[in-house]
Visitor: 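Have a look at this one.
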Protein chains: 2
Amino acid sequence: MTLADDVIMTIGEAARESGVTAKAIRYYESIGLIPKPVRTGGNYRAYDRRAVETLRFVHRARSLGFAMEDVQRLLSLWQDRGRKSKDVRTLAQAHLDELDAKILALESMRHAVAQLVEACHGDHRPDCPILLDLAKGRRA
Amino acid sequence: MTLADDVIMTIGEAARESGVTAKAIRYYESIGLIPKPVRTGGNYRAYDRRAVETLRFVHRARSLGFAMEDVQRLLSLWQDRGRKSKDVRTLAQAHLDELDAKILALESMRHAVAQLVEACHGDHRPDCPILLDLAKGRRA
DNA sequence: TTGGACCTTCCAGCGTTGGGAAGGTCAAGG
DNA sequence: CCTTGACCTTCCCAACGCTGGAAGGTCCAA
């Protein structure tokens, strides 16, 4: 146990514990992704262990590339005891498909750019197949 | 020759010829990526063959994933007769490295998400390794 | 009491368009 | 000549997911 059950943190501490910046935490709150925390006498946001766990959940989901909308749905499913794992899996599978599409697009670009780089001798002379390609559009 | 030397086009025609939308052409002009075209009596932008070639150049560069800043530099190099092909190649190589980095990052995500999807049986039951992972942070 | 580290809210901006409103221009057809 | 409709103009807003900064309040320790 790193955290006791009754620990109350400021936004800065919650940020360090969760990996989400304080700015981002306020932003998540503003868009309704996470609930509004209670406030201290000095109007500071006060986070408990549970809130920090939620933040960590969000942080991990974001780091896996899930869009905010997906994170919202994942959070709902997480908190829904009656969820069907199928719904979670479907969401993740859709994200996987998106990742694949992005990777394919990037690899296609990578291939084309790599060919151009290879074709260019890269010396002091002005002749350059890269510029010729961009200008005329020859795709080998 | 598809285009005669003295053809003058409206923004819509230039858009169709170049692959860049009219909206994007105006944007490129607003940020100084392309020069301001002359205007007709009715205040319409008038593009000649050269301008459309430039737009096509931009379009191809963008489609290869070059950032606007890079496109700007590529345009300059293109128009510089005294350029060194080395400079062009260096730019393209840097972009290639960026593409590789992005692909690696996405593939790392893809790997993690794929594992989660595989681990989840995806039926009517609520138990779901995906949510467990996001919550507890176990990365296999 | 003073300093400095933290917190607060609000506003603005990043990049690359796309959408849409409100209005001007132009060519063709009646 | 007038209308129609396709095109053009400028301008502002939305998207994404935050980040930065300004102006000011709170808290703790020396």
Side-chain angles (χ1 to χ4, degrees), chain A residues 7-34 36-48 51-52 55 57-75 95 98-99 101-102 105-106 109, chain B residues 7-34 36-48 51-52 55 57-75 95 98 102 105-106 109:
Chain A
V7 172
I8 293 283
M9 282 173 270
T10 63
I11 198 171
E13 288 160 346
R16 280 185 290 275
E17 289 291 329
S18 66
V20 181
T21 66
K23 279 283 194 185
I25 295 173
R26 290 194 197 95
Y27 171 68
Y28 291 160
E29 180 189 327
S30 80
I31 62 169
L33 182 72
I34 56 173
K36 298 188 179 185
V38 295
R39 301 284 184 134
T40 66
N43 200 31
Y44 285 16
R45 287 170 179 82
Y47 297 93
D48 58 14
V52 173
L55 286 171
F57 184 101
V58 172
H59 183 60
R60 291 177 197 288
R62 291 291 294 143
S63 76
L64 289 181
F66 283 98
M68 295 297 289
E69 204 181 326
D70 288 348
V71 174
Q72 182 89 289
R73 289 198 209 116
L74 286 168
L75 272 176
H95 179 46
E98 275 173 27
L99 285 174
K102 277 189 193 164
L106 286 179
M109 285 181 193
Chain B
V7 172
I8 292 282
M9 281 174 269
T10 64
I11 197 170
E13 288 159 346
R16 280 186 290 275
E17 288 292 329
S18 66
V20 181
T21 65
K23 280 281 195 186
I25 295 174
R26 291 194 196 95
Y27 172 67
Y28 292 160
E29 179 189 330
S30 80
I31 62 169
L33 181 73
I34 56 174
K36 298 189 178 185
V38 295
R39 300 284 184 135
T40 67
N43 198 31
Y44 285 16
R45 290 171 177 81
Y47 298 92
D48 57 15
V52 172
L55 285 172
F57 184 101
V58 171
H59 182 59
R60 289 177 198 288
R62 292 290 293 147
S63 76
L64 289 181
F66 283 98
M68 296 296 288
E69 203 181 327
D70 289 349
V71 175
Q72 182 90 307
R73 289 198 209 116
L74 286 169
L75 273 176
H95 179 45
E98 275 173 28
K102 275 188 196 166
L106 285 179
M109 283 182 193

Visitor: Base, sugar-phosphate, or nothing for B:Thr40, non-hydrogen atoms under 4.0 angstrom?
Guide: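 The residue B:Thr40 makes no contact with any strand.
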Visitor: From C:dT16, D:dT10, C:dT9, pick the nucleotide closest to the side chain of A:Arg39?
Guide: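 Of C:dT16, D:dT10, C:dT9, C:dT9 is nearest to the side chain of A:Arg39.
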Visitor: Would you say a side-chain N or O of B:Thr21 is under 4.0 Å from OP1 or OP2 of C:dG18?
Guide: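 It does, given that an N or O in the side chain of B:Thr21 lies less than 4.0 Å from OP1 or OP2 of C:dG18.
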Visitor: Of the candidate nucleotides C:dT17, C:dT9, C:dC7, which contains the atom at the shortest distance from the side chain of A:Arg45?
Guide: C:dT9
Visitor: Quick one: CD1 on B:Ile34 to CG on B:Leu55, what's the gap to the nearest 0.5 Å?
Guide: 5.0 Å
Visitor: Give me the one residue out of A:Thr40, A:Ile11, A:Ile25 that meets side-chain contact (heavy atoms from CB on, under 4.5 Å) with A:Arg45.
Guide: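 In the set A:Thr40, A:Ile11, A:Ile25, the residue that makes a side-chain contact (heavy atoms from CB on, under 4.5 Å) with A:Arg45 is A:Ile11.
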Visitor: Classify the nucleic acid contact of B:Ala22 as base, sugar-phosphate or nothing, counting any heavy atom under 4.0 Å across all strands shown.
Guide: nothing
Visitor: Given D:dC18, D:dC8, C:dC7, identify the nucleotide with an atom nearest to the side chain of B:Ile11.
Guide: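 Closest nucleotide among those given: D:dC8.
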Visitor: Report the end-to-end axis angle of the helix from C:dT1-D:dA30 to C:dG30-D:dC1; each axis comes from five terminal pairs, and the value is rounded to 10°.
Guide: 30°
Visitor: Checking contacts here: which listed nucleotide (D:dC7, C:dT17, D:dG17) is nearest the side-chain heavy atoms of B:Thr10?
Guide: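 Of the options given, the side chain of B:Thr10 lies nearest D:dC7.
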Visitor: Starting at the 5' end of DNA chain C, which residue's closest nucleotide do you reach first, B:Lys23 or B:Asn43?
Guide: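 The 5'-side residue here is B:Lys23.
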Visitor: Measuring from the side chain of A:Tyr28 (C-beta onward, heavy atoms only), which nucleotide among C:dG15, D:dG17, D:dC18 has the closest atom?
Guide: D:dC18
Visitor: So what does A:Arg62 touch, heavy atoms closer than 4.0 Å: a base, only the sugar-phosphate, or nothing?
Guide: sugar-phosphate
Visitor: Show me the donor-acceptor pairs within less than 3.5 Å that the side chains of residues 65-72 of chain A make with the rest of the protein, sequence neighbours left out.
Guide:
{"residue": "A:Glu69", "atom": "OE2", "partner": "A:Arg73", "partner atom": "NH2", "Å": "2.7"}
{"residue": "A:Asp70", "atom": "OD1", "partner": "A:Arg73", "partner atom": "NH1", "Å": "3.3"}

Visitor: Start at the 5' end of DNA chain D and walk down; is the nucleotide closest to A:Tyr27 or to A:Gly41 reached first?
Guide: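 Per heavy-atom nearest nucleotide, the more 5' residue is A:Tyr27.
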Visitor: Per the atom types in the model, does the base of D:dC7 pair as donor or acceptor with the side chain of B:Tyr44 at under 3.5 Å?
Guide: yes
